[in-house]
Participant: 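Would you mind keeping the following structure in view while I ask a few things?
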Amino acid sequence: MIATKKDIPILREGGRHLAEVLKTVGNAVRPGVSTDTLNTLAEKMIRDFGDVPSLIGYTPRGAARPYPATICISINDEVVHGIPNENPSIITEGDIVGLDCVLAHQGLLVDSALTVIAGKGDMGAKALLNATKEALMAGIKMAKPGGYIGDISSAIETVGVKRGYGIVFELGGHGVGNSVHEEPYVPNVGDAGTGALLTPGLVIAIEPMFTEGTPRVKLLKDGYTFVTKDGSRAAHFEHTILITENGHQILTEL
Ligand code: MG
Ligand code: MG
């Protein structure tokens with residue numbers, strides 16, 4: 001989507017709502033809580049804002065059925081798109097819990113994700129989360145008019161390599177705003193100066209995923225949940241951003 005002047009405050013307000021949802025659900029993640037409960041909390045918050053949960057009923061290209069929940073919850077070796085309300089999981093101490101959600105505010109969509117640790121967690125979990133968040137911010141920093149999608153990809157890849165994590169390259173970011181997934185694709189690995197040109201008004205979701213082992217993922221039989229091929233743990237952070245006249249604006253922060 002190329003946002004107009006009129007779209008920008010709507011996207012920003014929706015982004016603020018989504019940030020509040022993710023913060024509240026993130027704070028509710030603790031040992032003993034069910035993923036189903038977290039999904040219900042996310043849906044209630046979105047509806048209370050007067051917004052629409054965009055993932056329920058959405059069928060991505062290639063999927064055999066619509067996604068059944070408001071929020072994706074992916075635990076430990078689950079990378080993304082875990083289903084919280086079919087055979088719900090009970091969160092346990094030290095779990096790495098990814099929360100990924102899309103909402104529509106006045107018809108415009110924003111997409112964001114974060115990963116939290118249930119309870120205290122171990123040093124490895126904290127380092128994995130920190131590196132993945134660092135990669136997201138490094139990618140965002142490269143987002144400016146006159147730059148290329150590959151500048152973002154390369155910045156993400158550089159952090160992953162430096163920190164020694166598996167960089168999930170089979171999944172990535174995307175355009176967003178009018179629908180859940182739009183052009184251009186935003187890979188998590190790539191070369192600076194390649195790919196689509198970044199122009200003012202472009203709205204994209206940037207979403208690095210790092211793992212403690214292999215970068216390869218596989219899809220579970222539920223048709224949605226991606227897990228690491230080697231069972232290693234993964235983290236995921238995502239913001240929707242706007243390319244502005246002189247840089248970028250993060251839409252999905254408080
Ligand atoms: Mg997302
Ligand atoms: Mg996304």
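Predicted model, so just to flag it, every value in this text is computed and none were measured. All ligand and atom numbering here is 1-based and tracks the order in the structure.
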Participant: Any side-chain to backbone donor/acceptor pair from Asp191 onto Thr194? Under 3.5 Å, distance only.
Facilitator: no

Participant: List, by chain and then residue number, the residues other than Leu219 in its hydrophobic cluster (Ile/Leu/Val/Met/Phe/Trp/Tyr, side-chain heavy atoms under 4.5 Å); write none if there are no others.
Facilitator: Val79, Val80, Val168, Leu171, Met209, Val217, Phe226

Participant: Which ILVMFWY residues can you reach from Leu197 by hopping between side chains whose heavy atoms are under 4.5 Å apart?
Facilitator: Tyr148

Participant: Does one side chain, of His81 or Tyr67, offer a donor that lies under 3.5 Å from an acceptor on the other?
Facilitator: no

Participant: Output, by chain and residue number, all protein N/O/S atoms separated from the Mg ion (ligand 2) by less than 2.8 Å.
Facilitator: Asp111 OD2, His174 NE2, Glu207 OE2, Glu238 OE2

Participant: Ring-plane angle category for Tyr58 and His181, please: parallel below 30°, perpendicular beyond 60°, tilted otherwise.
Facilitator: tilted

Participant: Val227: which other cluster members, linking ILVMFWY side chains closer than 4.5 Å, directly or transitively?
Facilitator: Leu220

